[in-house]
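The shown structure was predicted, so the numbers you read here are calculated from the model rather than taken from an experiment. The figures that follow rest on heavy atoms only: side chains count, while hydrogens, waters and symmetry mates do not.
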Amino acid sequence: MEATGLGAPKPRRSAGHRLADLFHGRPRLQAGTLLAGPVGWLVIGYLGSLAILLIASFWSLGELSGEVERSFTLDNFKTIVEDSVYRTVTLRTVGIAAAVTVTDALLALPLAFYMAKVARPSRQSLLVVAVLVPLWSSYLVKAFAWRTILSEEGILNWALDPLGLSGPGYGTLAVWLVMSYIWLPYMIIPIYAGFDRIPDSVLSASDDLGAKAWMTFRRVIWPLVFPAIVAGSIFTFSLTLGDFIAPTLVSSTQFIGTVVKSTITTNLPLAAAYSVVPILIMIIYLLIARRLGAFEHV
Amino acid sequence: MESSSENGSRPDVHLVGLRKTYGEVVAVDRVDLDIRRGEFFTMLGPSGSGKTTMLRMIAGFELPDEGRVELAGTDVTDLAAYDRDVNTVFQDYALFPHMTVGDNVEYGLRVAKVGKDDRRKRRAEALEMVRLPGYDDRKPNELSGGQRQRVALARAIVNQPRVLLLDEPLGALDLKLREQLQIELKQIQREVGITFVYVTHDQEEALTMSDRIAVFNEGRIEQVGEPESVYERPANSFVAGFVGVSNVIHRDGGTFTVRPEKVRLLAPGDPTEGLVVEEGRIADVSYAGMVTRFHIELEGGDRLQVARQNLEQTSHEDEGMRGERVKVAWRREHTVAVAEQQGVGQSTEEET
């Protein structure tokens, strides 16, 4: 020991050092400080706006004034449930979301299998990039591109014309086509990850134990990759359910999104009430997905 | 190479001129091999020596570029894995994670459309054999590594294949468990009488379990024989070094090897008739409990490892001998002439 002596003053500690001492051995304080920002945003920005939406759905529009009256009423929900127009639009939207989800699952399964289990590693990463690149371009650009493709004088009709055929034109079919295209990467990536998690040796083992390709698919691959399909379907289903841009661009058909958008300026409480419908549908969907094991590995 | 069909019966596995390349790399280079019915046959070699590729070609996971695979006299070279009467135990177990232990074991039987009662009976027998009775309803992720490997074994054996292929099945387990399972595997093999083809890089495991061993190096077989012949009479310096300790010395233009446990440190006045005597200096001493290993730098060149069983000495009293000059000796018949071979001195403790 050097003879600095007992009376030597303690070296001054920097502010950062003292702050570090404050957090040392206090895991709750550490976690609290780290999470304060994100949790605050979640509660105020996200759940708060949802709460306001929910509250607004119980207001009404004054019959004479046309002003929003802030008193409790269930009339909006009654309208949505009883008016056949809203019921039809709701069913149509759920139908298109289901159709898009099934289409994307059918397209993504073989592609993701090829990416994860067949392609060489170099090609594998190339394919992952190829799947992700469309996500970098604006949604609006892609939807508009399809509007051009599908238009009366568009490239699709031009290409099909010599064969004596014509494209679907604008309408519900076009919405299904565009949505399936735009949301496809959200289905491919989870399924690709799901296939990637299955060790090659497990597939070899099935082969080795006498199972031909179909049997291996049915008994080993399908049950192992199914939760990943459900996980992907959450994206495709919910994104289709709430969309209003693609339907506006390639059809004049009404969906939940387009109805909310057109009602919001004329009858805010009714628009708010109708917005609750897709939220309820998604809550039910997520509960089913959890039962099917979609969250076990994600 | 040893003649393989000496007992007249047809070999269970008959491999002719097998060759497999991956791009520029020759994994297996025109190998001929016969494996007899009911024997415990081990393919031993360092990683990348072609032993696993051989196994995968027998299983049907890889197709050879050249050559034939015959099982019980039938050419199966072009048959898919699911059509071959062989089953595999994988190093990573490859259990179906979504199925219970019982369903895993029954998988092959279910695929083969065996009736339910028969399936239940055979599954119970197989789980009994691997000492996991009553584990039917567990999931693989609830089991330890050793238990998983037992399930993998039961899943393969329950199909009563002609040949069972085992790809470093104990590689992921710790030493104690490995030693225990080695003994159990050997017992099970005797009980069921199925031909076992076992791949390992662990020479001790190979010596313990096998009826015969093939030593692989760079896609070729260096020697095939019973454990004691591979160990006591290595065909060349590679086998001498890989199976055991590389005690290779060069004298009078020849290459020789002598096993470390055959060499003694001579005390003054010890008789030396019938012995080969060499002088040297103790370069290193390592105490390993059961034995103490002396690394001797011989006057005539080369290093020799001497293992002395600790019959009397109990502790580190030999440590002080480092640097001392000693005489070492061994019986003349324990000197084995070996062919010089590339790859001498390759580590025997190489891990995959």
Using a 4.5 Å cut-off on heavy atoms from C-beta on, say whether the side chain of [Y] contacts that of [X].
X: B/L165; Y: B/R56; result: no
X: B/Y22; Y: B/T53; result: yes
X: A/I279; Y: A/L53; result: yes
X: A/W146; Y: A/Y181; result: yes

Answer with side chain, backbone, both or neither: which region of B/N159 has an atom nearer than 4.5 Å to a non-hydrogen atom of chain A?
-> side chain
Checking salt bridge (charged side-chain N to carboxylate O under 4.0 Å, His left out) for the pair B/E70/B/R68: CA distance, chi angles, key distance, verdict?
-> CA-CA 6 Å; B/E70 286 180 18; B/R68 277 198 333 272; 3.0 Å; yes
Part of residues 123-139 of chain B lying next to chain A, heavy-atom separation under 4.5 Å = none
Hey, which residues of residues 105-115 of chain B are touching chain A, say heavy atoms under 4.5 Å apart?
-> B/Y107, B/G108, B/R110, B/V111
Is [X] salt-bridged to [Y], cutoff N-O under 4.0 Å?
X: A/R219; Y: B/D103; value: no
X: B/D12; Y: B/R36; value: no
X: B/E142; Y: B/R148; value: no
X: B/E66; Y: B/K20; value: no

Option in B/P161, B/A81, B/A152 with maximal non-hydrogen atom pairs under 4.5 Å from chain A | B/A81
Report the option among A/L224, A/I198, A/T216, A/D200 that has the most heavy-atom pairs separated by less than 4.5 Å from atoms of chain B.
-> A/L224
Using the ring of each side chain (for Trp, its six-membered ring), is A/F226 parallel, tilted or perpendicular to A/W222, with breaks at 30° and 60°?
-> tilted
Find out whether the Lys NZ or Arg CZ of A/R290 is both under 6.0 angstrom from the six-membered ring centre of A/Y285 and within 45° of the ring's axis.
-> no
CE/B/M43 to OG/B/S210 distance, rounded to the nearest 0.5 angstrom?
-> 11.5 Å
Any chance you could lay out the ring pair (Phe, Tyr, Trp, His ring centres under 6.0 Å) test for A/W183 and A/F235, step after step, and finish with the verdict?
-> CA-CA 8 Å; A/W183 306 134; A/F235 293 112; 9.9 Å; no
Members of residues 202-213 of chain A whose heavy atoms come closer than 4.5 Å to chain B | A/V202, A/S204, A/A205, A/S206, A/D207, A/D208, A/L209, A/G210, A/A211, A/K212
Which side-chain N or O atoms in residues 28-39 of chain A pair as donor and acceptor under 3.5 Å with protein atoms at least two apart or in another chain?
from  : atom 1 : to    : atom 2 : distance (Å)
A/Q30 : NE2    : A/F23 : O      : 3.1
A/T33 : OG1    : A/L29 : O      : 2.6

